[in-house]
4 protein chains.
Amino acid sequence: MLRKKRKLTSQVADEKRLLEGKERIAAAAAGLFLNGGYHSTSVREIAQKAGLSVGSVFNYFTSKEEILFFLFSRNQERAQDTLREQRAEFERLKAQGVDPKDLLWLAYQSYARLIDEMRRYTVLGYQELKSLTVAEQRRILEGEERLQQFLEEVLSYGVEQGAFPGGDVNLKAHCLMVLAQSWAVRHWALKHFTKIDDYLSALKKIALGIAEERTFAPHRIAMVAADANGYDFEKSEV
Amino acid sequence: MLRKKRKLTSQVADEKRLLEGKERIAAAAAGLFLNGGYHSTSVREIAQKAGLSVGSVFNYFTSKEEILFFLFSRNQERAQDTLREQRAEFERLKAQGVDPKDLLWLAYQSYARLIDEMRRYTVLGYQELKSLTVAEQRRILEGEERLQQFLEEVLSYGVEQGAFPGGDVNLKAHCLMVLAQSWAVRHWALKHFTKIDDYLSALKKIALGIAEERTFAPHRIAMVAADANGYDFEKSEV
Amino acid sequence: MLRKKRKLTSQVADEKRLLEGKERIAAAAAGLFLNGGYHSTSVREIAQKAGLSVGSVFNYFTSKEEILFFLFSRNQERAQDTLREQRAEFERLKAQGVDPKDLLWLAYQSYARLIDEMRRYTVLGYQELKSLTVAEQRRILEGEERLQQFLEEVLSYGVEQGAFPGGDVNLKAHCLMVLAQSWAVRHWALKHFTKIDDYLSALKKIALGIAEERTFAPHRIAMVAADANGYDFEKSEV
Amino acid sequence: MLRKKRKLTSQVADEKRLLEGKERIAAAAAGLFLNGGYHSTSVREIAQKAGLSVGSVFNYFTSKEEILFFLFSRNQERAQDTLREQRAEFERLKAQGVDPKDLLWLAYQSYARLIDEMRRYTVLGYQELKSLTVAEQRRILEGEERLQQFLEEVLSYGVEQGAFPGGDVNLKAHCLMVLAQSWAVRHWALKHFTKIDDYLSALKKIALGIAEERTFAPHRIAMVAADANGYDFEKSEV
DNA sequence: GATGAATGAGGTTTCATTCAT
DNA sequence: TATGAATGAAACCTCATTCAT
């Protein structure tokens with residue numbers, strides 16, 4: 001009669017307690033997801049590590065996948081908060097007439113430090129984003145895009161001010177993002193940097209060099225079949 | 001992570017047949033692993049897509065994981081082949097006194113094109129490497145390191161020849177690798193480039209800029225606890 | 001990526017084997033469903049009784065519910081087969097000018113014997129029909145309606161021939177059906193009849209009496225709110 | 001079927017409060033049990049609909065099953081009350097020398113109206129009786145038997161008075177009961193009757209016809225193996 | 001060598017019931 | 001007495017793997 005009744009809400013009523021519980025479980029899950037991956041981690045393991053019974057986990061989350069999504073969104077929020085602060089800071093410093101190069105470097109540093117703080121989640125993103133619903137994936141990627149957009153804005157401001165040459169701002173921002181993220185996702189290749197600040201100081205010239213490079217303007221034309229390069233990919237593309 | 005294998009060898013005797021079968025199955029698996037992930041793909045699906053019975057798959061591979069490993073190693077081999085060619089080419093051109101900058105650009109281009117050809121597997125690497133045994137992971141990463149080493153050698157040659165300033169060659173190579181790989185793993189952000197060559201020509205100045213940047217020399221001291229930066233990671237680190 | 005992939009077909013390929021297996025499992029399930037009910041019966045129990053492993057059950061059926069539906073439909077088919085025979089027989093005897101009363105009694109007897117043969121399933125129907133999808137329920141009830149329609153036709157033929165008075169043929173058929181079904185669903189109250197034929201011979205006069213009764217013609221007007229009799233039923237009505 | 005109860009008494013001391021609470025919960029449960037079935041209804045849903053907490057439900061009932069039993073018994077009581085009234089009325093009218101046929105019809109009508117009032121529970125009985133303990137089942141069925149016995153007595157009185165022919169009074173009562181219950185359990189086939197009284201007036205001639213039918217006397221011999229008709233039923237028989 | 005049915009361990013999820021607050 | 005979070009057993013179902021044919 002009632003087919004497919006899905007429990008839509010968490011069982012725990014008290015908002016504060018609910019969030020605390022979620023945090024606790026998610027924290028336990030994060031570690032396990034990272035070593036071993038999302039699919040290889042059982043809810044039983046998560047519960048155990050969080051010091052709860054299996055059933056209790058489902059009082060806080062309605063599904064295992066929700067735990068993964070929670071991890072991503074919570075960090076997304078964290079990133080967006082930082083972004084907001086950065087924006088404010090950027091406007092403030094701009095008004096003070098600070099050198100665009102310094103502005104970029106400040107912005108970039110704070111992005112890289114964010115990556116460092118959330119290193120585990122950055123890696124998780126690269127690994128397990130595809131385990132989410134397409135809708136959920138999009139939500140997360142939109143956040144990422146907003147981060148990149150900010151770098152683009154800072155770069156564009158530099159162009160306006162004559163600090164950087166015009167060019168493919170979008171590409172430059174992409175490169176900068178990727179180099180920051182590599183601190184997390186390719187950390188094994190950067191083992192000789194002890195801390196993010198070591199990496200950053202080594203990277204400084206390279207990063208600014210990218211910004212100052214005179215590249216071609218972008219060909220902002222939406223290609224009809226952007227992906228028509230001979231591949232027979234079936235659906236995906238993450 | 002570690003598991004006990006029952007049957008250690010494949011059931012198929014004829015070497016040629018065996019390899020053909022493996023290729024066929026792996027090809028089918030590759031697509032499925034990419035859209036859907038390794039864990040969500042069942043052996044039955046793979047068998048079906050390969051036009052075989054479930055049982056047959058296990059005549060060619062001893063486990064599902066072996067299929068994944070096969071995919072990685074086969075591509076590793078492919079990459080190492082390319083690397084060997086590149087090395088030969090590099091020596092030849094070096095002997096002809098070709099400009100180190102051109103040498104680097106040639107090497108880099110061919111690496112990027114390799115990434116492009118194996119785009120699906122590059123993504124797969126970022127996503128599913130952790131699904132392998134630690135030993136297997138290491139084997140794959142060693143290949144990756146060899147690729148980076150080649151770039152480092154080319155860069156070093158440029159330094160010797162006075163084309164590039166001295167500096168952290170290791171870091172530069174890392175950056176170059178990451179930017180090439182981003183064509184695969186962050187392709188959604190590069191949608192406005194139709195083909196790898198479009199991306200490459202836009203990237204050329206940036207890449208060479210990185211090579212020519214005057215960075216600090218590396219502090220080649222192996223840190224005792226390179227990872228002692230406050231994290232409580234348990235085991236892994238990919 | 002692929003969300004909600006439902007295994008749509010049974011795993012067993014060989015048609016004959018598949019059917020045999022289904023029969024075997026369904027037979028085991030039938031008994032268990034009857035004592036204890038559908039929900040209280042676990043798949044493990046079914047498997048055990050059928051002499052199979054749990055997994056194997058799901059090679060034959062895609063879900064537990066399918067077992068229940070299989071039971072219902074298979075008996076539905078069985079009933080429809082009998083119905084077809086009855087129809088043929090009816091036409092044959094009608095052509096021979098057999099007395100309508102005898103025709104009715106023959107038809108009724110064979111329906112009652114069918115009920116007897118499928119007694120367990122008749123009970124199951126009363127108990128567990130609601131455990132099916134609404135669509136599936138409808139399919140089963142349509143079969144039941146066809147059975148009743150046949151009785152109505154036989155009754156109508158008797159009316160034409162002057163053997164029975166006109167009246168609410170639909171109601172009469174309903175009464176006859178219910179009395180036959182009561183042999184299954186209220187068997188505890190009929191314990192003093194050893195066999196269906198005992199019950200039938202005792203019931204003969206009553207059944208024919210019903211047919212011969214002079215009832216009012218039916219008020220075949222579709223009532224606007226047929227159910228507006230003060231109840232606050234929420235949805236169902238089986 | 002049989003289970004171990006932990007707590008044997010309800011937690012609520014005040015008798016009045018206890019009963020009020022039980023009624024409230026049972027009322028909520030009744031609707032849910034009907035649409036959806038006993039097993040598919042969770043205690044949480046019941047609590048929610050009753051406007052209580054889950055814990056409170058278990059202050060009033062010691063188990064979910066007890067709710068079901070409560071529903072059945074409360075209606076059983078209701079039925080027995082009506083029965084008592086009917087008995088009194090019957091004696092009164094008998095003393096007044098009322099026509100036995102009228103007596104039967106009055107008694108039958110009031111039974112049918114009872115069924116109508118408790119339609120939901122009649123259906124529930126057919127569906128979920130088996131979810132009770134065997135002992136509980138028996139208690140409920142005994143009540144049902146008492147109801148039938150009354151009809152038998154009324155019929156017997158008619159026989160004594162020469163209004164009905166002798167015959168299988170037990171069978172006749174059974175038939176009458178079943179036809180009344182069909183208003184509830186096979187309501188879908190009687191949709192063209194808006195109200196129970198419509199059904200009753202259409203049924204009147206049939207019902208009285210049954211009473212007046214000249215059937216065989218019953219063979220009241222307890223059969224040794226009453227069920228020896230080839231079935232392999234294991235335990236139950238509802 | 002190929003097949004595919006059988007297996008059973010283990011996955012996620014539900015839910016009646018308990019019990020500290 | 002009321003609450004609702006915690007529990008853990010047990011449910012359904014999936015799937016890699018085996019093995020008789």
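Quick note: numbers below take in every heavy atom, side chains included, and nothing from hydrogens, waters or symmetry partners. The chains referred to below are lettered A, B, ... by the order of the sequence lines, with proteins before strands, and numbering in each begins at 1.
Atom P of nucleotide F:dC12 and atom NE2 of D:His39 are separated by 11 Å, given to the nearest angstrom. Atom-to-atom, CD1 of B:Ile46 to P of F:dC15 comes out at 11 Å; the value is rounded to the nearest Å. Look at CZ on A:Arg44: it is 11 Å from C1' on F:dA9, rounded to the nearest Å. In this structure, the CD atom of D:Glu20 is 14 Å from the P atom of F:dT1, given to the nearest Å. Straight-line distance from the CG atom of C:Leu52 to the C1' atom of E:dT7: 10 Å, rounded to whole Å. Rounded to whole Å, the distance from NZ on A:Lys22 to P on F:dA5 is 13 Å. Counting to the nearest Å, the C1' atom of E:dG1 and the CG atom of B:Leu18 are 12 Å from each other. Atom CD in B:Glu15 sits roughly 12 Å away from atom P in E:dG1 (whole-Å rounding).
Comparing E:dT7, F:dC13, F:dT3 by their nearest atom to the side chain of D:Ser53 picks out F:dT3. For A:Ser56, whose side chain is taken as the heavy atoms from C-beta onward, the closest listed nucleotide among F:dA6, F:dT3, F:dC12 is F:dA6. With F:dA16, F:dA5, F:dC12 as the candidates, the nucleotide lying closest to the side chain of A:Val12 is F:dA5. Checking F:dT17, E:dT13, F:dA2 against every side-chain atom of A:Val43, the shortest atom distance belongs to E:dT13. Closest to the side chain of A:Phe58, from the set E:dT7, E:dT13, E:dT17, is E:dT13. Side chain of A:Arg17, nearest nucleotide from E:dT17, F:dA11, F:dA6: F:dA6.
Position along DNA chain E of the nearest nucleotide to D:Gly55 versus C:Gly51 favours C:Gly51 as the more 5'-ward residue. When the nearest nucleotides of DNA chain F are assigned to D:Val54 and C:Val54 by heavy-atom distance, the more 5′-ward of the two goes with D:Val54.
Among D:Phe33, D:Tyr38, D:Tyr121, the single residue meeting the side chain to side chain contact (heavy atoms under 4.5 Å, CB included) criterion with D:Glu128 is D:Tyr38.
Contact between the side-chain N/O atoms of C:Tyr60 and the OP1/OP2 oxygens of E:dA5 is not found at any separation under 4.0 Å.
In terms of polar N and O atoms assigned as donor or acceptor, the side chain of C:Asn59 comes within less than 3.5 Å of the base of E:dA6 in a complementary pairing.
Using a 4.0 Å heavy-atom criterion, one finds that A:Thr41 contacts the sugar-phosphate atoms exclusively.
Around atom CZ of C:Arg74, more than 12 heavy atoms belonging to other residues, nucleotides or ligands sit under 6.0 Å away.
Remark: the backbone N or O of D:Ile140 is paired with a side-chain donor or acceptor of D:Gln76 at under 3.5 angstrom. A side-chain donor-acceptor contact under 3.5 Å links B:Thr41 to the backbone of B:Leu32.
Both distances falling under 3.5 Å, in either a Watson-Crick or a G-U wobble arrangement, place F:dT21 opposite E:dA2. The nucleotide E:dT14 finds its pairing partner in F:dA9, both defining distances of the Watson-Crick or G-U wobble pair being shorter than 3.5 Å.
A salt bridge links A:Lys16 and A:Glu20; the closest N-O separation between the charged side-chain nitrogens and carboxylate oxygens is under 4.0 Å.
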